[in-house]
2 protein chains.
Amino acid sequence: RYMVYNTSHTIVPGKLNVHVVPHSHDDVGWLKTVDQYYVGSNNSIQVACVQNVLDSIVPALLADKNRKFIYVEQAFFQRWWNEQSEEIKRIVKELIHSGQLELINGGMCMHDEAAPHYIDMIDQTTLGHRFIIREFNVTPRIGWQIDPFGHSAVQAYLLGAEVGFDSVFFGRIDYQDREKRYKEKTLEVIWRGSKSLGSSSQIFAGAFPTNYEPPPGGFYYEITDDSPVVQDDPDLFDYNVQERVNAFVAAALDQANITRINHIMFTMGTDFRYQYAHTWYRQMDKLIHYVNLDGRVNAFYSTPSIYTDAKHAANEAWPLKTEDYFPYADRINAYWTGYFTSRPALKRYVRVMSAYYLAARQLEFFKGRSQKGPNTDSLADALAIAQHHDAVSGTSKQHVANDYAKRLAIGYVEAESVVATSLAHLTKVDPTLNPTFQQCLLLNISYCPSSEVNLSDGKSLIVLAYNPLGWKRVDIVRLPVVGGDVSVHDSEGHEVESQLVPFTDEYVALRKYHVEAYLGQSPTQVPKYWLVFSVTVPPLGFTTYTISTAKKTDGYSSKSYVSNILKGEQSIINIGHGHLKLSFSTDQGTAINYVNGRTSMTEPVKQTFSYYSAYNGSNDKEPLIPQNSGAYVFRPNGTFPINPEGQVPLTVIHGPLVDEVHQQINPWISQITRVYKGKEHVEVEFIVGNIPIDDGIGKEVVTQISSSLKSNKTFYTDSSGRDYIKRIRDYRSDWKLDVNQPIAGNYYPINHGIYLQDSKKEFSVMVDRAFGGSSIVDGQVELMLHRRLLLDDSRGVAENLNETVCVQDKCTGLTIQGKYYYRIDPYGEGAKWRRTFGQEIYSPLLLAFAQQDDGKPMSFGAASFSGIDPSYSLPDNVALLTLQELDDGNVLLRLAHLYEVEEDKELSGVASVELKKLFPGKKIGKLTEMSLSANQERSTMEKKRLVWKVEGEGSYGEEKKAKRGREIDPRKLEMELYPMEIRTVLIHLELPSSHSRINRFDA
Amino acid sequence: RYMVYNTSHTIVPGKLNVHVVPHSHDDVGWLKTVDQYYVGSNNSIQVACVQNVLDSIVPALLADKNRKFIYVEQAFFQRWWNEQSEEIKRIVKELIHSGQLELINGGMCMHDEAAPHYIDMIDQTTLGHRFIIREFNVTPRIGWQIDPFGHSAVQAYLLGAEVGFDSVFFGRIDYQDREKRYKEKTLEVIWRGSKSLGSSSQIFAGAFPTNYEPPPGGFYYEITDDSPVVQDDPDLFDYNVQERVNAFVAAALDQANITRINHIMFTMGTDFRYQYAHTWYRQMDKLIHYVNLDGRVNAFYSTPSIYTDAKHAANEAWPLKTEDYFPYADRINAYWTGYFTSRPALKRYVRVMSAYYLAARQLEFFKGRSQKGPNTDSLADALAIAQHHDAVSGTSKQHVANDYAKRLAIGYVEAESVVATSLAHLTKVDPTLNPTFQQCLLLNISYCPSSEVNLSDGKSLIVLAYNPLGWKRVDIVRLPVVGGDVSVHDSEGHEVESQLVPFTDEYVALRKYHVEAYLGQSPTQVPKYWLVFSVTVPPLGFTTYTISTAKKTDGYSSKSYVSNILKGEQSIINIGHGHLKLSFSTDQGTAINYVNGRTSMTEPVKQTFSYYSAYNGSNDKEPLIPQNSGAYVFRPNGTFPINPEGQVPLTVIHGPLVDEVHQQINPWISQITRVYKGKEHVEVEFIVGNIPIDDGIGKEVVTQISSSLKSNKTFYTDSSGRDYIKRIRDYRSDWKLDVNQPIAGNYYPINHGIYLQDSKKEFSVMVDRAFGGSSIVDGQVELMLHRRLLLDDSRGVAENLNETVCVQDKCTGLTIQGKYYYRIDPYGEGAKWRRTFGQEIYSPLLLAFAQQDDGKPMSFGAASFSGIDPSYSLPDNVALLTLQELDDGNVLLRLAHLYEVEEDKELSGVASVELKKLFPGKKIGKLTEMSLSANQERSTMEKKRLVWKVEGEGSYGEEKKAKRGREIDPRKLEMELYPMEIRTVLIHLELPSSHSRINRFDA
């Protein structure tokens, strides 16, 4: 008896409609690397093969046109697409156009929402969306962030509404929040992520009842699952149709109890399922067939967009949600706030590569993208994958973290050659000289062979500094040099003031160990000094400087004065030039008096370190569930100040350009506090590592910067680098918090900065990567810099976070090196520094070097360059996010307003950019304003956008609507930007006759 | 880059040809029931779903016409076939005819080779082969017994050559044998299983190098496997094509080293694999593509028949193999001889159902098979499944053993109604009386409600005895009765001598406990006597007897004389009538003097019990692998005589028809030794059970029957109930045995009997089911009756063999009840009793009962009946195996010669059967001699049979060729049978006008 199952049902108004949404959650690397997950190798770690999922979906969907499937991760989809026959491609296109197969989210991966920078989130989403529009001519309508551990406001409004999503769905919200939302049926809300953009970028946001898996009652149908299959063959034993129908209906009614409108979604799938899709559809066909015969509920194959449209059609007024869903805790004592810092070296590497990719795309555009030769695509791909919620989040297995780093390294090498070729082209150097610009990626471990060259015998070193910002820029360059008698000249040959800072011990050790570990041979010589000099660089341009042995006539490279203050010695040390002075008084340990003459700000500041010992869950007694501190979960067991017994020996360095205070806090922490001439902020460099674990206890190292501000439990942290959100200790705006983790429960992700304020002052701290941070004590900011843990926190990674660096087979704990910056401003005046200097932290100068023998000077056609009109510079409140030539020759341009509404008296105003001035010597042919992910015209997106009603607001929505920049006049070509707006345009450049086409696209 | 893989290769003469044979080994029940394995439920025990295997094979084979797959178990295939659409059926037929899909073995299951009776092996193979010929018009050519634990001669010649197989392949042979065959390249042989049929039924037999799995080197490609996949995408990491090719070639060369001819087979599959066939073919396609590019070996998709033809085409002289491959040991201390006895109750139930099915088919034929109404098919199906190598073998999990028993019970109930209807029809009883014949399946626990009826108030009991044998038969009937004053009359009303034997305690206890356990209510009353009377029944016919309250005139039902001999009492007891006398002398315990006046045979016989304590593997020290005694493996740890301290109290019963000696050996063993009037053998009934395990040690209970024969280490056991094979203790004919298990290593399966002989005498013991047995001491026969084990023997069943019977929730160890028979004959004269009485043991009288009130006598139109010509009876050396009306109306007839060459002076001669006499009143229209599994004409099969050359024999093969019965003359219709021949014919009966067609096929 061949059975045909009726799966043709659709929405039935009067009934409870159960949207059966088949999906497979495919991590782009977690316990296995992305390629191992794709081909299904390394199965001893985890049985998972995405090639099987996509191979088996096609015949399964063809077998019954009512069946549906959604696919999310483009990194896997594109690997699969590239190896399909034309026949299968044709079929898949039909399945997508018929709506059977729906591409959801559409980014290369499901990116994390705490660790990624918003620029990387935009780039990786764009990479996926542009492939989809090109291949299938569809634009994804749904956000699907079902596994990230907490949700950021920027994800909702920027990577949601602004990329054309009508809704976003996610699974992980705080267990106390979830309980309240059950009762009040507020799992589904309208989320306005940005105070500045308000309802103009609101989105329908649904939190799943429990997780992204099938409902309770045994509905897992993978080959390896042991849910009871629907046995409907009367000739075989164990017939169970009625029992299975009852279980389905019971689960549906339970979920209906906590959901508004008679539509609920069953997320029929979980990690790497549907490896033989047929096994799921065979059982779902039967369930739908028999459940609908039973009639109590109406079940049918559906997708998140059908579900969203049904929710919208109900014309309901939905509860309003603002700010974000951080931090996340899935149960008591389990705040997932450790991953805000986990694998800090990988987090820094991603941030460095992100900035490099931004600059490299600019240089690739200025020279013209090469069709066959190297381009920036593989770095784009590696960066996209690295945003995955187990990659930059630091929650993958170690071998997978190594794979992410390897991909970034491969991508960097290709991008580096693009930059070198472009600089050679833009400096118009004589090609026959076969000039190659070298670059020094390992400056963070003070290693730069190019600058450590012996300049005695008539050689000199050309240093080119490229400035990816849209503003003219004066900045400091520090290079390790072997010799002392050097002098620096600018491109016009004028001598430039420079300073030699001694190459202190902490750098020597750092450099030697890591060069051996990473490059496999110990460095030949040790630099004696850091050569420090100031450079001035035009916007989107470069200038060159020459370092050579000082001739008689020169005299400027002055050595620093060094003084060592031993332990116990009493003295006051003052550092700083210009307005900002710091005075250290050695007796109260590291207490500093921060004084800014210009703003008459004085503030006692203390920079201290301490560590939390990681909690061992075996101490938890019934009924508590044992919970260790691990890669995801931060669970401190007491805090231990480091070097509490007061004073630390200081080494103080004074000089014309920079004053520095070096402190060896303990054997594995050193700190350098710097004030540069012309910079009104304090730069603090930290080197933390080989955290000792011989006592068998994991440690989580934090630094505290204390001030006297009466911050009244309140502090402000950024959302993925954009809007700042007000945080109040031990408080949540959406529910009355029952505090069980007073420290871990107050940690938030920091991507841009954290600041405190009281009636008079603002105290801002800016970071060089994603860190976890908080303000546990009024006036004090705390950043978790590094974690070394000996226990797994049982959330699946099954590996304790214990990163090491090995030379041959001797391994020591990983050392972290980086910087944070702080400054104190009068109340209301902190934003300007945060936003402007924030751009400088994100986009450091790109340095390139070339050797030159006196005999054969490197005759540059152009010793300096600016990509935009020399007279022009972007407005102070606007940043250039993207200047990129796409593979179709069009130019993708993104400009962003840097300020929120009322964030800064002047700079929160509307800004206007003259686009013509950005393309000197080129004619803007066709200009189209696009969605943020450049896969549809903005106007089309806005027309399609669903309008939602919000509880308590009339049908017109919020009273004060956010203003948006007016449409760009094709002739005037001026782009208007209101606070927090990011506008994206595709430009077709027409080349004026003088530029020959060939030069433009040569290999 | 879409890759097309070249899989089009075929045999290349000069190269090593690697036949890649995809297969899935699907146990028809083992850790899960057959239906759970089919639909993929109960996956927590084992991830296995055969529906997925067959569903996914169709698209996989369609995707590349070079791909091949073999399928073996028809029980699964037919479950799948019944639920396919016409479209899929059409496709599968094409796949079979194109040779892509090859049906191998073809039985409903892969039957065991130790526990099954040859008739059940024939029936289950026929059931599968007839479905295959009907649906696909193909005849399977290959035997595939890759998992059974040792291999029987009957499997090779009867269920191999005689069903048209050109070759048989298997995996499990003794580890010492395997080692020798590696060196001598004798894994592949020509196997002549029958001394009597010789080369006329020889077969090419291949033992796999290690097992039925892929070769070493990581070639398992199930979704759940973690072999390295062939990663040939240069754009992804971990490219490994060369390494995978080298591993493949290395495995091929290793296997070529131990195989003749440049053809080897890779068995690419294992248990329940190919649940998503695509995962295997994707990797095998790549391996074949790249291995052939490499060129060292030639790999291609193949099947066992292509492999067999290649071996044959080489025209090689192969080594000769005779006898069989028993017992099997996969390593030291691991002789798989425990399963010869495991689950003895299930083994008995299968044997009882087998005989009942044979009789029921005869009665179904005599009445005419009903089209819609009940038929014997569901019993046929249940019996077929029960022959599986984990079913009757006793090596399945308990819940699966229960499932086999449940299927037999369901099949029996339907067959019972067929028998009842047929008997009502054949006795021509007045249908309006709505006569229903009851039957008593539970006579083995002395429970028969029909005979336990109170006959006082004018009721009488009709007892019908049906004789399924082809010979006239005088036999004894024993029925439990409640009253003593009864008399028995034959169908002509003559009184028949009967005897009342007291219903002793062991029966009362057995009956009460098991009626409560199985029927859920305790029996109303307890019978006082066994009523014993002799019946005389025509061949393939029945006679009726009436039991009624004894009238004055009657006087025959005489009571037995009972005497109890207490422990320590000295006396001699004589029992027996006629020629055979036994005299018990109580002082030497159970010593018996066996005297047969007719054959002047006198022999001192001892019947003793002992148990082996089951070995606990934890006592094994390195480098030995710990090995427990378990469901498969028998591993004794010392033998313990039961009731060693001599004498056992006796109860002696004398009477006209039977003398019995009842002994309570110990609290859980009782033994009844009987000699019946007119029977020259000793019947011993044993009741063994609730084996005590409170000492935490498993026990394996054996009975020894000792004689004084000088058997010189030699004994003879049957092969699946047919040819007897000579066994010599601690000796193997194929290799020099290194003895490490002196008891377990000398155990052999016993299905028919075991006998010893010396120059003067033969001592034969016949069994009522499959048992493990041996002769550990000269003159002594040992049978293992029951096993209760507390440890698993780590061969996969993961459950210790501890069968229990529960009343409500109180469970006790399973009790076994059964009989063995022994007799001592002059040398050379034992065969006649073994073969003739063996048929009586296999086919007991089928008893049916009907109540009758004196008022309304049950007027039978025919109080007795014979299905064959009243004057005719089968020759003494011929047995009727099958008389069955098939669903197409044809009649399937099988006749078997019962003797081997030179087994009996007279009866080993040629026999001839007059077929017409078997169908009185019917006309044999068309008669066609068929293969044994009736799926092709015998002549066609013989023409197709491959002829093989054997080492040491010229191209004409063995000198003395076996003689076979001549072709059946269509007019004379006489079937000639030479020793061990079984001939199968399909008869189309033309009905003489007098029989109306309707009557023939009424409901």
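Order of the sequence lines sets the chain letters (A, B, ...), proteins ahead of strands, with each chain counted from 1. Basis for what follows: all heavy atoms, side chains included, without hydrogens, waters or symmetry-related copies.
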Point to revise | With A/Phe248 via ring-ring contact (aromatic ring centres under 6.0 Å, His included) - residues at least two apart | key: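 Counting only residues at least two positions away or on another chain, A/Phe248 forms a ring-ring contact (aromatic ring centres under 6.0 Å, His included) with A/Phe219, A/Phe266.
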
Cross-chain donor-acceptor list, chain A and chain B, 3.5 Å limit, no angles:
unit_1: A/Arg1; atom_1: N; unit_2: B/Asn82; atom_2: O; d: 2.8
unit_1: A/Asp35; atom_1: OD2; unit_2: B/Phe237; atom_2: N; d: 2.8
unit_1: A/Asn43; atom_1: ND2; unit_2: B/Ile223; atom_2: O; d: 3.2
unit_1: A/Asn43; atom_1: ND2; unit_2: B/Asp225; atom_2: O; d: 2.8
unit_1: A/Gln51; atom_1: OE1; unit_2: B/Arg282; atom_2: NH1; d: 3.2
unit_1: A/Asn52; atom_1: OD1; unit_2: B/Arg282; atom_2: NH2; d: 2.4
unit_1: A/Asp55; atom_1: OD2; unit_2: B/His278; atom_2: NE2; d: 2.6
unit_1: A/Asp55; atom_1: OD2; unit_2: B/Arg282; atom_2: NH1; d: 2.7
unit_1: A/Asp55; atom_1: OD2; unit_2: B/Arg282; atom_2: NH2; d: 3.3
unit_1: A/Ser56; atom_1: N; unit_2: B/Tyr276; atom_2: OH; d: 3.4
unit_1: A/Asn82; atom_1: O; unit_2: B/Arg1; atom_2: N; d: 2.7
unit_1: A/Ile223; atom_1: O; unit_2: B/Asn43; atom_2: ND2; d: 3.2
unit_1: A/Asp225; atom_1: O; unit_2: B/Asn43; atom_2: ND2; d: 2.8
unit_1: A/Phe237; atom_1: N; unit_2: B/Asp35; atom_2: OD2; d: 2.8
unit_1: A/Tyr276; atom_1: OH; unit_2: B/Ser56; atom_2: N; d: 3.4
unit_1: A/His278; atom_1: NE2; unit_2: B/Asp55; atom_2: OD2; d: 2.6
unit_1: A/Arg282; atom_1: NH1; unit_2: B/Gln51; atom_2: OE1; d: 3.2
unit_1: A/Arg282; atom_1: NH1; unit_2: B/Asp55; atom_2: OD2; d: 2.7
unit_1: A/Arg282; atom_1: NH2; unit_2: B/Asn52; atom_2: OD1; d: 2.4
unit_1: A/Arg282; atom_1: NH2; unit_2: B/Asp55; atom_2: OD2; d: 3.3

request  = Go through B/Val229, B/Ile88, B/Ile45 and name the one with the most non-hydrogen pairs under 4.5 angstrom from chain A.
outcome  =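 Heavy-atom pair counts peak at B/Val229.
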
* Based on non-hydrogen pairs under 4.5 Å, which of A/Ile223, A/Val47, A/Val39 is most in contact with chain B? ->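 Of the candidates given, the most pairs with chain B belong to A/Ile223.
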
